[in-house]
Amino acid sequence: MKKSTKKLTAWLNEGELSNPPAAYRTAWAKAIREFKLKGRAGETTLVLDGPAPSLILGIKAEDQSRAVFEAAIRAIDVAKKHKFDEVELGGVPRAAMAAALRGLAAGQYRFKITAKASPEKAVRTSVIGIAPSLEKETSILADSIRFARDLVNMPPDQKHPALISKRVLDRLKKIPSVRIETWDEKRLKKERCNGILAVGIGSGHTPRIMILRYTPKNPKKEIALVGKGVTFDSGGLNVKTYEGMKTMKCDMAGSAAVIGAFESIARRKLGVKVTAYVGFTENMLGPFAFKPGNVVTMRSGKTVEILNTDAEGRIVLGDLLDLAEKSSADTIIDLATLTGACLVALGEETAGVFSTDDALAKKILDAGESVGESLWRLPLGRDYRDKIKAEIADIKNVGGRHGGSSTAAQFLAEFVGRKKWAHLDIAGPAYREGGSSGRPGGATGFGAATLVELITKL
Ligand code: BES
Ligand code: ZN
Ligand code: ZN
């Protein structure tokens with residue numbers, strides 16, 4: 001016999017409800033009057049009158065897609081608390097349909113390693129008025145974001161370079177038009193990837209670079225994506241403190257977002273050729289660990305004086321950017337949890353965008369806005385280049401206390417030539433320490449949606 005399901009109808013409110021179902025009209029008008037609802041983002045009102053309990057969610061904010069994304073998460077939270085089996089989300093503005101669906105998926109996401117299988121039941125979800133094609137595309141993306149979040153949330157010992165590259169290969173190898181190469185230590189030496197090798201040498205687990213190629217039939221454009229994949233950042237000999245180290249399994253979130261975006265693009269068969277370069281390594285302090293004072297000759301030939309082993313991400317990225325620079329792509333975008341300074345500057349919700357190309361920067365900011373990921377542009381240039389000039393090498397890997405995100409980004413710029421390039425420092429929004437109501441702590445998958453949106457628009 002079919003059990004009756006408990007459905008929660010959730011309606012978005014921008015100060016006015018658009019097309020509310022007739023059955024709820026009176027109950028909702030009364031609730032809006034009684035509770036003086038303004039439709040502001042964050043308002044969450046459970047309405048008990050009407051044919052069944054329902055929910056009114058405020059979404060009025062300067063960043064509408066993000067407000068809708070977060071409202072959808074709240075809807076799932078309420079549904080779980082009150083044991084509903086199904087959530088139907090309505091009143092969604094046209095431009096935020098995808099954000100609504102991603103929010104419903106994000107609201108369900110949990111990461112847990114337990115003895116017993118998770119007893120939590122999935123809530124069924126739907127968005128009223130969403131076009132079937134958009135629903136399909138967005139479900140693919142939501143699935144890739146889940147994978148990216150799992151990779152970041154996984155304990156560091158379960159994802160050292162050999163393990164994570166195997167996991168990524170197993171998941172992506174079956175997608176048509178996708179070719180994957182994994183370079184082990186021997187190959188990395190042959191390819192002169194001395195940057196990632198230097199960072200990895202203090203660990204018992206050797207580094208890997210993965211090159212993921214998606215080649216559609218008649219590609220209209222070609223883009224290279226690059227991701228920092230430090231599977232654990234202890235800081236190396238410049239060892240981190242307890243506070244600094246405890247979340248450092250997240251230091252591969254850039255590569256996870258790139259892999260997630262890559263998977264969605266390939267599964268959706270988009271007409272852009274995409275090559276993803278991700279570098280996996282641990283940053284540890286074993287007996288051979290690289291030392292302050294060392295000079296590394298990077299893959300590009302540039303020499304880098306290492307002054308702080310905790311500024312390792314830029315060294316890994318330097319080699320990856322050199323690979324991308326020498327490829328046939330005309331645009332390179334890298335994602336990295338690169339600097340604590342970016343968190344200081346922009347907080348936990350916003351990523352820094354650095355680019356030598358104004359048009360590309362604008363496209364990225366627009367893509368972020370339309371998917372509801374918060375981005376803010378920060379500067380590059382001569383002032384920062386001066387700060388990383390070294391005495392005994394071409395450049396050094398730290399630039400003093402001030403402007404840390406910009407000196408790190410400028411360091412990366414030294415490995416890019418004429419190609420269009422942008423760097424996203426996602427150190428803030430990639431990972432949440434401790435959750436809040438309805439939103440678990442840990443990985444967010446930040447960046448994947450922006451990349452897919454950007455590449456769709458190219
Ligand atoms: N992985 C960190 C940056 C980071 C900090 C990411 C917090 C996520 C949250 C990076 O490798 C690092 O340690 N950077 C140093 C650079 C410094 C030594 C110049 C930093 O930000 O302190
Ligand atoms: Zn570090
Ligand atoms: Zn790091």
Side-chain angles (χ1 to χ4, degrees), residues 152-153 156 159-161 195-196 198-203 207 226-257 278-285 289-294 304-320 334-352 354 378 384 387-388 390 395-412 423-434 441-447:
V152 176
N153 282 328
K159 62 172 172 192
H160 64 68
I196 189 171
V199 172
I201 201 162
S203 162
V226 170
K228 171 178 175 182
V230 175
T231 59
F232 186 71
D233 182 9
S234 71
L237 288 172
N238 294 102
V239 65
K240 286 183 182 290
T241 59
Y242 160 71
E243 274 299 326
M245 203 188 300
K246 66 184 179 190
T247 60
M248 278 303 128
K249 69 174 184 183
C250 84
D251 212 16
M252 36 60 71
S255 66
V278 295
F280 293 120
T281 180
E282 288 190 330
N283 185 22
M284 298 293 283
L285 9 78
F290 75 137
K291 305 171 185 73
N294 279 5
V304 175
E305 184 179 8
I306 307 297
L307 290 176
N308 190 325
T309 60
D310 197 11
E312 85 298 338
R314 62 198 77 180
I315 303 167
V316 173
L317 289 170
D319 281 348
L320 295 168
D334 78 74
L335 266 70
T337 46
L338 200 62
T339 65
C342 203
L343 262 154
V344 174
L346 300 178
E348 297 101 340
E349 300 291 341
T350 302
F354 303 81
L378 292 170
Y384 307 104
K387 284 180 186 278
I388 55 170
I395 47 176
K396 55 187 179 184
N397 81 327
V398 282
R401 219 159 64 82
H402 299 150
S405 303
S406 286
T407 50
Q410 189 59 47
F411 182 99
L412 302 182
H423 154 63
L424 273 59
D425 192 335
I426 60 169
Y431 196 85
R432 217 174 272 126
E433 247 202 282
T444 60
F446 186 98

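Atoms within a ligand are numbered from 1 in the order they appear, just like the ligands themselves. Computed over heavy atoms, backbone and side chain alike; hydrogens, waters and symmetry mates excluded. Only a predicted model underlies this, so the values are computations on that prediction, with no experimental measurement involved.
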Original post:
Do any N/O atoms on E312 end up under 3.5 angstrom from N/O atoms on ligand 1?
Top reply: yes
For [atom], what is the nearest protein heavy atom, given as residue, atom name and distance?
atom                    : value
atom 16 (C) of ligand 1 : R314 NH2, 3.8 Å
atom 12 (C) of ligand 1 : D310 O, 3.2 Å
atom 2 (C) of ligand 1  : D233 OD2, 3.6 Å
atom 10 (C) of ligand 1 : L338 O, 3.3 Å

Original post:
Does the pair K228/D251 count as a salt bridge with the N-to-O cut at 4.0 Å?
Top reply: yes
For ligand 1, indicate whether the residue [X] contacts it via side chain, backbone, both or neither (heavy-atom separation under 4.0 Å).
X    : result
N308 : side chain
E433 : neither
N283 : neither

**OP:** Please find out if the Zn ion (ligand 3) and some N, O or S atom of A311 are separated by less than 2.8 Å.
**Re:** no
Taking C-beta and beyond as the side chain, do [X] and [Y] meet within less than 4.5 Å on heavy atoms?
X    : Y    : result
P161 : T231 : yes
N308 : P292 : no
D310 : D233 : yes
V199 : P207 : no

How far apart are the closest heavy atoms of [X] and [Y], and which atoms are they?
X    : Y    : result
L378 : L346 : CD1-CD1, 3.8 Å
A351 : I426 : CB-CG2, 4.0 Å
M252 : S255 : O-OG, 2.8 Å
L317 : V226 : CD2-CG1, 3.6 Å

Subject >> CG on L307 to NZ on K291, rounded to 0.5 Å >> reply: 14.5 Å
Original post:
Going from CZ on F411 to CG on L338, what distance comes out if it is rounded to the nearest 0.5 angstrom?
Top reply: 9.5 Å
**OP:** Could you list which atoms of ligand 1 come closer than 4.0 Å to a heavy atom of L343?
**Re:** 7 (C), 9 (C)
**OP:** Show which atoms of ligand 1 fall inside a sub-4.0 Å distance from at least one heavy-atom site of K228.
**Re:**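 So the atoms of ligand 1 that pass are 1 (N), 10 (C), 11 (O).
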**OP:** Confirm or rule out an N/O/S atom of D251, from backbone or side chain, lying less than 2.8 Å from the Zn ion (ligand 2).
**Re:**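 No - counting backbone and side chain alike, D251 has no N, O or S atom under 2.8 Å.
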Options [options], ranked by nearest heavy atom to [atom], top entry:
atom                    : options                : result
atom 4 (C) of ligand 1  : M245, M252, M248       : M248
atom 6 (C) of ligand 1  : D425, T337, V344       : T337
atom 5 (C) of ligand 1  : G313, C250, G340       : G340
atom 19 (C) of ligand 1 : V398, D251, T339, N238 : V398

Subject >> Rounded to 10 degrees, the angle OE2 of E312 makes with OD2 of D233 at the Zn ion (ligand 3) >> reply: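 Vertex the Zn ion (ligand 3), arms to OE2 of E312 and OD2 of D233: 90°.
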